[in-house]
Number of protein chains: 4
Amino acid sequence: MIQETLNAALEYARPYIKDGKIADYIPELTKTDPNYLGACVIDVKGNKYVAGDYTQQFTIQSISKTMTFLYALNKLGHKEVFKHVGMEATGDAFNSIIRLEQNNGKPFNPMINAGAIAISALLEHNGVTFEEFLSFVRKICHRDNITINEGVYLSESLTGDRNRALAYIQKACGNIDGDVPSALDFYFRTCSISCNCEDLAYYSSLLANGGKDVITGEQILNPTHVKVVKTIMVTCGLYDGSGGFAMRVGMPGKSGVGGGIIASCEKTLGIAAFSPALDVNGNSCGAYKIMSYMSEKLGLHYFSEIERKI
Amino acid sequence: MIQETLNAALEYARPYIKDGKIADYIPELTKTDPNYLGACVIDVKGNKYVAGDYTQQFTIQSISKTMTFLYALNKLGHKEVFKHVGMEATGDAFNSIIRLEQNNGKPFNPMINAGAIAISALLEHNGVTFEEFLSFVRKICHRDNITINEGVYLSESLTGDRNRALAYIQKACGNIDGDVPSALDFYFRTCSISCNCEDLAYYSSLLANGGKDVITGEQILNPTHVKVVKTIMVTCGLYDGSGGFAMRVGMPGKSGVGGGIIASCEKTLGIAAFSPALDVNGNSCGAYKIMSYMSEKLGLHYFSEIERKI
Amino acid sequence: MIQETLNAALEYARPYIKDGKIADYIPELTKTDPNYLGACVIDVKGNKYVAGDYTQQFTIQSISKTMTFLYALNKLGHKEVFKHVGMEATGDAFNSIIRLEQNNGKPFNPMINAGAIAISALLEHNGVTFEEFLSFVRKICHRDNITINEGVYLSESLTGDRNRALAYIQKACGNIDGDVPSALDFYFRTCSISCNCEDLAYYSSLLANGGKDVITGEQILNPTHVKVVKTIMVTCGLYDGSGGFAMRVGMPGKSGVGGGIIASCEKTLGIAAFSPALDVNGNSCGAYKIMSYMSEKLGLHYFSEIERKI
Amino acid sequence: MIQETLNAALEYARPYIKDGKIADYIPELTKTDPNYLGACVIDVKGNKYVAGDYTQQFTIQSISKTMTFLYALNKLGHKEVFKHVGMEATGDAFNSIIRLEQNNGKPFNPMINAGAIAISALLEHNGVTFEEFLSFVRKICHRDNITINEGVYLSESLTGDRNRALAYIQKACGNIDGDVPSALDFYFRTCSISCNCEDLAYYSSLLANGGKDVITGEQILNPTHVKVVKTIMVTCGLYDGSGGFAMRVGMPGKSGVGGGIIASCEKTLGIAAFSPALDVNGNSCGAYKIMSYMSEKLGLHYFSEIERKI
């Protein structure tokens, strides 16, 4: 049932690719093939279902925001983390500076650029190296050779002036304590981590399963932290399209401008989908459609009006 | 178990009443006793649990926004309704005008004043009388003699200049078609509907149960509309505190400045709590604490890390 | 010299009419002929120079803001008036609501809609009738049969929802004390006053001459009030184009969406020009060009780098 | 008459010092004595009048914005300069980021931090060295050994994160072309130039005199550029208090958070005053009061209702 639905979801989604366009604010991202379309589902029993270009690697971009946030919760604790970021939605464009200034430099939540930069700064200032963080990513994605895409990293770094501005406002307001260029370097690297749908479906299944590895049963993540990140993903995971995704998909999700979207159906399964062309909100057109199709057909919405078919 | 937890929740919540203050923007609201504290739980099997001042009536205020929205979905359809309101969170104060102007007069969602005024205007312009709407409220709350508090209605009407401004901007931008004073009169009446915790717990249980009456089994509301309203309640139900409520309570909820809060645990139960003193976001301090206690102890959060104990 | 320059100014300005378009937010305004172009200069010795359609009447619209402001200063005093409006520029669109809300309902200055509505409300609340104000306008424009354009007044009133919003926010914030509909009615009437270039050139010469009638020598206006209004006209007189007008024309000026612009060269002369087509800032293209030509050729800029040639 | 009035102005102004406080956003600035009070007037005939601590040096801070702007106009021309900054007032706090973002990275005018940073970037990117600019400052202030205050420069540089943010937004939006750190270094140096009242009164007299040296008669500045800078000083010279200064003083002026204010009475005289304690808008309390006293007593307002007494 899941495999067939997944296959059908890709067919359903494919025509929508042409409605989007590849992110062009980072030159390196424009080099990808816009027609990639892939997805992977891993359920909490460890079953895996794949379709399309599920082995194609792409940079996870903002999907990393959920990972740095989890890592910071684990390393520094709930209280310290929420001194530097809030937990409210913004209703604003994902890189807006306006709301940051009105809020005295404290980003509304860790899923927007400003918030993730604050988290990166916090980690970096507390002595976390990028290598340590990368090890964590490898563990939660279940692949030992995950690394960053150097070309994208350089491109991010060269063109990241808006992110620099977001960091310096926070520095000026006292929300960032350490060195800004180092914090930004950490941030740019997290965005440039290169994964495929399988890696991210594994991670999504971990979130769906309360932080417990769906294969080994090991409790990898603190279940309360998993609850916290999923809760924020619901309200803030898809930039200015978060409300629409909640309506049409109804799973905690997170998108990245690299074309990936992840979503977790509570105690059921994790999905990751990938397609590079983005809608006006910066969310992958193809991946979004795969998600909405899967949710509708299988009853994955947290308030689904139909029975869950799995 | 539920009854004992509910009793304990009230004891837990009572000391927090003094942290809040009664809404004073409507003079009539200040006349209530700040020490009221009550709650009612109705589960999807129809069992009822009560505590404290659960029979005390209060005006439902913004809780009515969920009801006008449901009524409009039913009467006019999803498409027409979402022409006039969005489905995204705002991150702004509940009566802010700024975001409205930036969005060309279309309110971000139906849970903020501007959005609920748009819905009231839509109903009124389509020939719905307030009496018809009141009949609907009586049905979903399961009490035939629900009526409005005339004193509060007059007070709302006399002091509603900010709401008038919100309406006229929308009229100027073409988001409201009909007569503004009539639309506002409809809106002020919906805010002034007087209920008690039992009424609202019944309504919450209906939402938890996908629109099916928990006693008679009758399908009173369209299940898709119930999904839609609960989804928006998650992201926008508690004004600027929606993200915090999602974190600490994790149920679709809605508060009103009259002191009420409702919440629905999917396929499990509905709760309504009441206490007039409000926090800085306009949410009842006492009712909020009852909700968070119940959620934590019974595992009612949609992503709860503990097993649901019911 | 003045007459020749004025004739040349009209020839210079005429081709620019086609760059603008007639205000369409008030339906009645669209009925005028876009090709009207006229001007009148009256110097402080009482000499009059005319050109083009200088006898054509048009509604003065926002030019009236300078008159209600002067009238309120005279009637209620500097202190009372500046309790309700500020004296700072906004840099915002002339009917913006955003800045109003951020400033707790007190408009930044009396030259924007919100500010002029506050002034109208203040006058109306203090018992000033529109007839009394109209008598004042007749006196400062030196024509006894000035009246309002009833068609435009009705049109303003029917379509003035944004102005209603601006008024109700101020009412909600306590910046307007009296009845909002009455205040708005007063305001809509002031905008609909019908003048020609001769009337307004007379008024401009009065401002240039410190409030003293250029023919009779009578001190009609308090010289300090004249200083105050001219000072505000410099920074706020041409909506979002005030800085550009200061640069290119360099006289205290005021424009109206009816197509009129007035300007006063200190102790020298007053000009009024008229042409209905407006630029993106809502200022008459033709009248603006007449002003800039006159200023440049005659050295009328307050910081002119050439000698004044009159 | 001028000397007596100047003496009286200082006595009038002295008690207001205690209403202000020294700028503390740059640590180095807090080291000054808050009780300094001095002024200097130089008329267009070259007569000089001094009072109080007129030889005390202080950093000119934002007063330098008028100088970089003049230098850029001269070096690069009107057209190129106004590609990068506007000429409209903002009505916003002097270092606000909000308006910058809404305006696609182009600052509203060259008198706010963002605008002056754009000008510094433009100069630096066009190969102008700070030494060249400093030579220009020495010339227009008529003192050969003007230099920067190294302590303040370092302090500015260390704490200038908000200015870094303002620069990076402009870089991100394409309004700044060159290297951001170099542009900021240039900017921080301009702010740290150390002058006394005599230096700045000389500069102000030069502006009052259309760019012609009041002693030698040499045409040092292009008269059109002088007109341009004075015009912008009127609307934007005193941060959010520009409208109030226009009302009470009525001369093109510019203040700096170092405690200085300059003003120029057209074809008459230049004044510079200094006192470190600032009002809420960042303008020197003491210097402001000296200005308003001088203006009122001598009729220096451009629309003065009394005769000019000089």
Side-chain angles (χ1 to χ4, degrees), chain C residues 78 82 85-92 96 98-99 102-103 108-109 111-112 207-208 210-212 219 221-252 264 266-267 281 299 301-308, chain D residues 78 82 85-92 96 98-99 102-103 108-109 111-112 207-208 210-212 219 221-252 264 266-267 281 299 301-308:
Chain C
H78 191 277
F82 283 106
V85 295
M87 54 176 75
E88 297 297 330
T90 71
D92 260 309
S96 175
I98 297 181
R99 301 301 299 276
Q102 290 178 335
N103 203 31
F108 270 59
N109 65 68
M111 297 296 120
I112 53 176
L207 297 181
K212 191 181 280 190
Q219 188 72 40
L221 296 168
N222 177 317
T224 300
H225 298 168
V226 172
K227 178 182 78 172
V228 166
V229 73
K230 284 188 294 196
T231 300
I232 291 189
M233 287 163 75
V234 165
T235 49
C236 316
L238 275 88
Y239 309 126
D240 289 357
S242 299
F245 191 80
M247 198 64 80
R248 293 175 199 107
V249 177
M251 293 185 268
S264 300
E266 190 66 8
K267 296 188 174 62
N281 288 320
H301 195 293
Y302 28 69
F303 305 134
S304 176
E305 69 273 49
I306 62 165
E307 288 296 306
R308 194 162 294 166
Chain D
H78 191 277
F82 284 106
V85 294
M87 54 177 74
E88 298 296 329
T90 70
D92 261 309
S96 176
I98 297 180
R99 303 299 299 276
Q102 290 178 335
N103 204 31
F108 270 59
N109 65 69
M111 297 296 121
I112 53 175
L207 297 181
K212 191 181 282 190
Q219 188 72 40
L221 297 167
N222 177 317
T224 300
H225 297 167
V226 172
K227 177 182 79 172
V228 166
V229 73
K230 285 187 294 197
T231 300
I232 291 190
M233 288 164 75
V234 166
T235 49
C236 316
L238 275 88
Y239 308 126
D240 290 357
S242 298
F245 190 80
M247 197 63 79
R248 293 174 199 108
V249 178
M251 293 186 269
S264 300
E266 190 66 7
K267 296 187 174 62
N281 288 321
H301 195 293
Y302 29 70
F303 305 134
S304 176
E305 68 273 50
I306 63 166
E307 287 296 307
R308 194 163 293 167

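Bear in mind that the values here come from a model prediction, so they are computed numbers and not experimental data. So you know, we letter chains A, B, ... as the sequences are listed, proteins then strands, and number each from 1.
Counting all heavy atoms, side chain and backbone alike, Val234(C) lies closest to Thr235(D) at O-CG2, 4.3 Å. Between Met87(D) and Gly244(C), the closest heavy-atom pair is SD-CA, 3.6 Å. Across all their heavy atoms, Lys227(C) and Ser304(D) have their closest contact at CD-CA, 4.2 Å. Heavy-atom minimum distance, Phe82(D) versus Met247(C): CZ-CE, 4.3 Å.
Neither the backbone nor the side chain of Ser264(C) comes within contact range of chain D; no heavy atoms are under 4.5 Å apart.
Using a 4.5 Å cut-off on side-chain heavy atoms (C-beta onward), Tyr302(C) and Glu266(D) make no contact.
Comparing Gly211(D), Pro223(D), Gly241(D), Cys236(D) by heavy-atom pairs within less than 4.5 Å of chain C, the highest count is held by Gly241(D). With chain D as the partner, the residue from Asn222(C), Thr224(C), Ile306(C) showing the most heavy-atom pairs under 4.5 Å is Thr224(C).
Formation of a donor-acceptor pair under 3.5 Å by the Glu88(C) side chain with backbone atoms of Gly243(D) is found in this model.
Taking CZ from Phe303(C) and CE from Met233(D), the interatomic distance works out to 8.5 Å, rounded to the nearest 0.5 Å.
With sequence neighbours excluded, the residues forming a side chain to side chain donor-acceptor pair (under 3.5 Å) with His301(D) are Thr231(C), listed by chain and number. In this view, Lys212(D) satisfies the salt bridge (Lys or Arg N to Asp or Glu O under 4.0 Å) rule with no residue, not counting sequence neighbours.
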